[in-house]
Amino acid sequence: MKRKRLLCLLLALCLLPLLGCSGTDADDDSNQIYDELADYYKQKEQEKDPTISSFSLPYLQGLTLDPISCADGTQQDIGRLLYEGLVQLDLSMQPQPMLAEFWSYDAASYTWTIHLRSGVTFTDGSAFTALDAVAALRRAKTSPRYGSRLGQMASVRADGGQTVIIRLERPNSSFLSLLDIPIVKSGTESSLVPTGTGRYVFVPASGAEGAYLTAHTGWWQKKSLPMERIDLYTCKNSDTVSYAFYAREVQLLRCDLSDTASTGAVSFGDFTDADTTVMHFLGFNTTRPPFNNAAVRQAVSLGIDRSGCVSSFLMGHGVAANYPLCPSSALYPDRQVAPYSPDDFNTAITAAGFGADAAPVSVTLLVNSESAHKQASAAKIAAALSDSALQVSVAAVPWNEFISRLESGKFDLYYGEYKMTPDWDLTELLSGSSNYGGYNNADLAALLSAERSAPAENHAAAASALYEAFRQQMPIAPICFERSSILTTSGVIAGLTPSVTDPFYNLSDWKIRFS
């Protein structure tokens, strides 16, 4: 009867305009129907039991769970429960010991010596050794996922059973931050589910019972886990993964809530955001006026409403940034983002020679037309900058043309996105193939080299000097860093603090409401 009543209400709401109803009577009728529908859905929400009988994750059956070669999303998230890296990145994106217990760096030879934790076993009971780590890192270097970050690794070898020696092609005292790559047992790589050392063991489907994860009783960390078993709910594709969450068949889902098409998903659950290394920025063509002038670039940076761009065009799922590293990083210079001030921008642009009395200068801001939120953000920035003698127009072009114009230098400004590595290396942006703006400054290059090679005890000071010079030179103007979202069933899970790579970062602290 309730379902029939709901259908009648929906039908009546649809038919009101068709029946010729108008004016106050129609408004009263539609308001009454809306109120009844709202009451119905409110009641259905109250009827939901905020507990679960079992915890389930989506699973794409038949696709590999190998953490080095599997696709992002569903399979990667399951892999975080099965595999561990030499280090783990904490909530400040600093490397913490995991399968590696301690390490040292020889700056003269660019060599890292990594000592592995003893007594660690894989889920099949065999010992974890340096040969397993070496095999995983060599394979990762040739993979699409990790190849670019390990491109600087000249060689990697085992020195005995518990030591790994890595030699780099150039100095990098922060290289350890790149070694959170999950390790699998050597020789099991070709299996759909390679053997790992992690918190859980994969149990394949058998008979009528589907695949699931069970707690690894020999796990070296010996931490308590909030559930002994995690069921794997088989899905065919990403669409069925979303449906499984809406139907409460699974309790956790990674979701891009910065996409306006995805915001309705929040009504079906709770979300917790996690930092990423994906930076949005405004790029300058520094090879020609007016952006060959550092004072103009500094002024333009002051003219960007970073927080407004995040709230309006990333739906709040980002964090504003003045520097090219996420503000959650321990290295972020002042731990705060400078507030947007049109007055500061106007003062700075006037001091740079582009005040109200100066002749207008027309420039173009290039943006990829296939990204709606980037177009909108670019339009907002262009409008704010055009309050001065700069007149900024937006050119939205398809991706291939966007890249072609960047590579040929046919632009003034561009809206860029760059996925940084967790060691916050600026080399590629300032002097590599992503330096589309042609920036070249010997002093900043020297500070970057000093930061890359600084020993641990001096690294914070070297980074501080680099970012201060960056602020003065402003070769690019960072806007924000994206945040990813972990969606969970409403009211069921408490205590989530996902990290940049691991939605289960603090799993031992979770509180789950089991029925």
(request) Could you tell me whether a side-chain N or O of Gln75 sits under 3.5 Å from a main-chain N or O of Leu60, the two making a donor and an acceptor? (result) yes
(message) I'd like to check the side-chain contact (heavy atoms from CB on, under 4.5 Å) partners of Thr277; sequence neighbours left out, ordered by chain and number.
(response) Met93, Lys419, Met420, Trp424, Val500
(message) Tell me if a side-chain donor or acceptor on Ser143 pairs with a main-chain N or O of Tyr146 at a distance below 3.5 Å.
(response) yes
(message) Using 0.5 Å steps for rounding, measure from the SG atom of Cys235 to the OH atom of Tyr59.
(response) 11.5 Å
(message) Is any side-chain heavy atom of Asp132 closer than 4.5 Å to one of Phe122?
(response) yes
(message) Check for me whether the distance between the ring centres of His280 and Tyr418 falls short of 6.0 Å.
(response) no
(request) Taking Gln375 for its side chain and Ser369 for its backbone only, find out whether a donor-acceptor pair lies under 3.5 Å. (result) yes
(request) Among residues two or more places apart or on two chains, list those pairs meeting side chain to side chain donor-acceptor pair (under 3.5 Å) that have a residue in residues 202-218. (result) Glu209-Arg229
(request) May I ask you to check whether Lys185 and Ser126 show a side-chain donor-acceptor distance below 3.5 Å? (result) yes
(message) Between Asp273 and Ser485, is there a side-chain donor-acceptor contact under 3.5 Å, judged purely by atom types and distance?
(response) yes
(message) Treating Ser92 as the side-chain partner and Gln94 as the backbone partner, does any N or O pair qualify as donor plus acceptor under 3.5 Å?
(response) no
Below 3.5 Å, can you tabulate the donor-acceptor pairs from side chains in residues 150-162 to any protein atom, sequence neighbours excluded?
from, atom 1, to, atom 2, distance (Å)
Gln152, OE1, Asn172, ND2, 2.9
Gln162, NE2, Arg117, O, 3.2

(request) Quick one: closest heavy-atom pair of Ser242 and Leu253, and the distance? (result) CA-CD2, 4.3 Å
(message) Check whether Ser312 reaches the backbone of Cys309 with its side chain - one donor and one acceptor, N or O, closer than 3.5 Å.
(response) no
(message) Could you tell me if Ser371 and Asn368 have a donor-acceptor pair between their side chains, going purely by distance under 3.5 Å?
(response) no
(request) Compute whether any side-chain donor of one residue and acceptor of the other, for Thr276 and Glu482, lie under 3.5 angstrom apart. (result) no
(request) Would you mind checking if Arg452 and Asp423 are paired as a salt bridge, meaning a charged N to carboxylate O distance below 4.0 Å? (result) yes
(message) Checking Arg254 now: which residues fulfil salt bridge (charged side-chain N to carboxylate O under 4.0 Å, His left out) with it, not counting sequence neighbours?
(response) Asp77
(message) Aromatic contact between Tyr323 and Tyr332, with the criterion being ring centroids under 6.0 Å apart: yes or no?
(response) yes
(request) Tell me whether the centres of the aromatic rings in Phe402 and Tyr436 are closer together than 6.0 Å. (result) no
(request) Taking atom CD of Glu228 as the centre, report whether more than 12 heavy atoms of other residues, nucleotides or ligands fall under 6.0 Å from it. (result) no
(request) Considering non-hydrogen atoms only, spot the tightest contact between Thr489 and Val250 and give its length. (result) OG1-O, 3.7 Å
(request) Work out which heavy atom in Thr129 is nearest to a heavy atom in Leu116; give both atom names and the distance. (result) C-CD1, 3.8 Å
(request) Answer yes or no: is there a donor N or O on one side and an acceptor on the other, between the side chain of Arg199 and the main chain of Lys223, under 3.5 Å? (result) no
Using residues 507-514 as the side-chain source, report each donor-acceptor pair under 3.5 Å to any protein atom, sequence neighbours left out, with the distance given to one decimal.
from, atom 1, to, atom 2, distance (Å)
Ser508, OG, Ser224, O, 2.8
Trp510, NE1, Asn506, OD1, 3.2

(message) Minimum heavy-atom separation for Met279 and Pro324, please, with both atom names.
(response) SD-CA, 3.7 Å
(request) Taking salt bridge (charged side-chain N to carboxylate O under 4.0 Å, His left out) as the test, write out the residues that go with Arg306, two or more places apart. (result) none
(message) Has Glu189 got a side-chain atom pairing as donor or acceptor with Gly187's backbone, closer than 3.5 angstrom?
(response) yes
(message) Tell me if a side-chain donor or acceptor on Asp106 pairs with a main-chain N or O of Tyr110 at a distance below 3.5 Å.
(response) no
(message) Between Asp256 and Arg483 (salt bridge meaning N to carboxylate O under 4.0 Å), is one present in this structure?
(response) no
(request) Answer yes if the side chains of Ser174 and His459 hold a donor-acceptor pair under 3.5 Å, and no otherwise. (result) yes
